[in-house]
Amino acid sequence: FGGQHSFKVGYELGKIKNTVSQGYVNTGIVTLQYGRDFNFYGVSGSCAAIPNCIGIGRMQRFGTQGVASNKTQSIYFQDQWKPVSNLSLNLGVRLESENLPGFNTGSGNVGVPINLGWGDKIAPRLGASFDPFKDGKTKIFGSFGLFYDRLKFELPRGSFGGDFFRRDYFPILSTNPEYSYYTPARIIGNFTDPVGGGNPSTAGGLSIFQSDFRIPSNLPASTYANLGLPLGAVDPDLKAFRQSEFTVGFQRELNKEFVFSARYTRKNVDHTIEDQANLGFFEAESYIIGNAGEGLAYETRKAAGVVKQTTAQRLYNALEVVLTKRLSNNFYFNANYTLSSLYGNYSGLASSDEVSATTGLGRTSPGVNRFFDYAINGFTATGEKDNGRLASDRPHVFNAFGGYSFDWWKSKTNSTDFSIFTSIMSGTPQTTFVGVVATSIPLSRRGDLGRTETFSQTDFSISHKYKFGRDDRFKIVFDVNFSNLFNENNVIALNTTRYINRNSIAGEDIDPLYDPSNQTLIPILNQVLNGQIGSQLADLENEAGNISVLHGKPSRYQAARNVRFGFRFIF
């Protein structure tokens, strides 16, 4: 067939089952606020209008319960074709199918909520390698591929009925002022927790209002209409999460010991799957599961009057050069430098925008992070697109590692291995975020606080091995590992909170005439998108004592030196 071929074909079957029961769904946490009115919790109603009311209480129940499983299948075909001796072509295609389970099969949902068939995840893989001098020492290579992600259970657990999150609000009565009286059974009565919540007092409960914060997104459309809620749905034309990747490179063996290589890589997210809120009265939210800025979610928001929306962007470009010394004369090393750019408004399945103030780590909720929840996510507080260098962007990275084996003058029983790894890299962009209504967006632009300082760290290890016994079959190994050998103390994050007394802009701040009983949040969000909240931003800026003295100052530092000692017996 025009040269040499090596064919490969395969089939893969995978199944995941998740059984979960966690939280406090059947108990609850009760909080009592004596002398308070219901507006303390942002709930309409008056304690004075209720006989014997001396305060208000709230019961919260939260958890995840359910059983679900899914199935993934894939088939692939590949041909490694050598039309001539110094050219290899790798031509292949991979097809996948998968479903994503529902956790709420007993709540009106029937069947599988998301199905991605064989035609939805077609992934071609094209690669080539060329030896121009036919000496086996030089290689020019390139490849292109489409890569699809497997859907994670975080989405169906949170959006398809696995998560349970209810809050009940009730009066504290002068006839029963003690806290022990307010049990879940008395608060809820015989109320059956319908989707969307309601008024448990109609079933003998003390609660006058119950809100449901986890309305499933995959219920029949009639369910939302009956509840008086905006549509929650799964986009029937949902596209799988897809990333395209292109690579081209060069590699040359300089001599028997040294190899030099250079590679350029471009990776781009083509489609991403996220939950996107569809807003109703009283700030009610239902979520559409779809592709950001595309399809059903885009059209629904546009029809509701949203003035502009954006799509997901995560574009990575990198040039890497590497020098490698192969193991000879008891030592080896590798040194590499990468010049790169990570640009966009979407950091991926994990959100580097939602960094915890306590752990310093981003949020790992694939498919249900804060990305694109509201139409203003993807924009700044001045109404401009917030595309820029993402929070994990490091333009310059240098890594080097190597090792040396000391054989104790050809000793057959003792040897000591030394290894070292050092890394020097650019700091990461730091961005001031501001809360707007119920989400957070960049105040002015990504990276407005500059970058953290250059990060550097060196790790070092020593391993001594002693052999004994017949044929040296037994070994005793002593290990010492140094992490951050020089005890460097680089700043790895800055304090990005600028306003302390009032760090967010609520709907009533933007529009004092806003009435949630007959208005959705969309007019409020449109003011942000149109860049019309300058005066509110100025108020935040000019309020006495409102600007934090810690803003822009270091908040987290590199971990201190760590030394570990180890002992191993090998037989």
Side-chain angles (χ1 to χ4, degrees), residues 31 33 36-50 56-60 165-171 194-202 207-217 219 223-233 275-288 297 300-309 370 372-377 379 381 383 434-441 502-530 532-533 535-537 539-540:
T31 304
Q33 297 283 346
R36 294 276 192 176
D37 211 342
F38 284 95
N39 59 14
F40 175 77
Y41 284 121
V43 177
S44 60
S46 172
C47 180
I50 301 174
I56 52 101
R58 184 185 75 178
M59 181 179 72
Q60 176 172 296
F165 187 6
R166 302 287 178 97
R167 284 178 178 168
D168 281 273
Y169 303 89
F170 57 91
V195 175
N199 185 355
S201 64
T202 59
S207 173
I208 63 170
F209 179 73
Q210 181 184 100
S211 56
D212 184 352
F213 293 93
R214 289 295 185 273
I215 298 172
S217 297
L219 298 175
T223 303
Y224 297 98
N226 294 335
L227 294 174
L229 292 171
L231 175 70
D275 60 338
Q276 298 159 79
N278 190 16
L279 303 173
F281 299 143
F282 289 106
E283 300 182 12
E285 299 178 8
S286 293
Y287 283 84
I288 296 175
T300 301
R301 287 177 168 179
K302 181 179 179 181
V306 171
V307 294
K308 58 183 176 181
Q309 302 178 61
R370 215 44 170 146
F372 314 109
D373 276 12
Y374 286 180
I376 58 174
N377 293 118
F379 294 87
V434 63
V436 179
V437 187
T439 189
S440 295
I441 56 179
R502 186 165 58 89
N503 61 6
S504 63
I505 308 172
E508 58 268 21
D509 296 323
I510 298 174
D511 184 358
L513 301 179
Y514 169 68
D515 183 356
S517 66
N518 55 39
Q519 287 179 284
T520 70
L521 279 173
I522 292 175
I524 302 294
L525 303 182
N526 281 344
Q527 289 186 51
V528 179
L529 294 171
N530 287 325
Q532 297 173 338
I533 63 168
S535 60
Q536 289 82 0
L537 294 175
D539 289 342
L540 282 178

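Just so you know, these numbers use all the heavy atoms, side chains as well, and skip hydrogens, waters and symmetry mates.
Contact of the Thr223 side chain with the Ile215 side chain is not registered, since no non-hydrogen atoms from C-beta on lie closer than 4.5 Å. A 4.5 Å side-chain heavy-atom check between Ile56 and Tyr169 finds every atom pair outside the cut-off. The closest side-chain heavy-atom distance from Leu219 to Tyr224 is below 4.5 Å. Inter-residue side-chain proximity for Val306 and Leu525 is flagged as unmet; no heavy-atom pair is nearer than 4.5 Å. For the pair Tyr374 and Ile524, the minimum side-chain heavy-atom distance is 4.5 Å or more. Under the 4.5 Å side-chain criterion, counting only non-hydrogen atoms from C-beta, Asn278 is not in contact with Leu229. Contact annotation: the side chain of Phe165 approaches that of Gln60 to within less than 4.5 Å [non-hydrogen atoms, C-beta and beyond]. Two residues are said to be in side-chain contact when any heavy atoms from C-beta on lie closer than 4.5 Å; Ile208 and Phe170 fail this criterion.
In this structure a side-chain-to-backbone donor-acceptor pair under 3.5 Å is missing from Glu285 to Ala277. A donor-acceptor distance shorter than 3.5 angstrom exists from the side chain of Asp37 to the backbone of Cys47, with no hydrogens or angles considered. In this structure, the side chain of Asn526 engages the main chain of Gly305 through a donor-acceptor pair within 3.5 Å. Ser217 places a side-chain N or O within 3.5 Å of a backbone atom of Tyr287 that can act as its donor or acceptor partner. Judged by distance alone, with hydrogens and angles left aside, the side-chain atoms of Ser286 form a donor-acceptor pair with the main-chain N or O of Pro230 at under 3.5 Å. In this structure a side-chain-to-backbone donor-acceptor pair under 3.5 Å is missing from Lys302 to Gln309.
For the atom pair CD of Gln527 and CD1 of Ile505, the computed distance is 11.0 Å after rounding to the nearest 0.5 Å. One finds the OG1 atom of Thr300 at 6.0 Å from the CG atom of Leu231 (value rounded to the nearest 0.5 Å). Atom-to-atom distance recorded for Ile522:CD1 and Leu279:CG is 5.5 Å, nearest 0.5 angstrom.
Nearest heavy atom pair, residue Asp168 against residue Pro200, reads OD1-CG, 3.3 Å. Between Ser504 and Asp509 the shortest heavy-atom distance is O-OD2, 4.2 Å.
No donor-acceptor contact under 3.5 angstrom links the side chains of Thr439 and Asp373, judged on distance only.
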Residues Val528, Phe379; criterion side chain to side chain contact (heavy atoms under 4.5 Å, CB included); working and verdict: CA-CA 9 Å; Val528 179; Phe379 294 87; 6.0 Å; no
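By the side chain to side chain donor-acceptor pair (under 3.5 Å) test, Arg166 pairs with Asp193, Gln210, Asp212, sequence neighbours left out.
By the 4.0 Å N-to-carboxylate-O rule, Arg502 lies too far from Asp539 to be salt-bridged with it.
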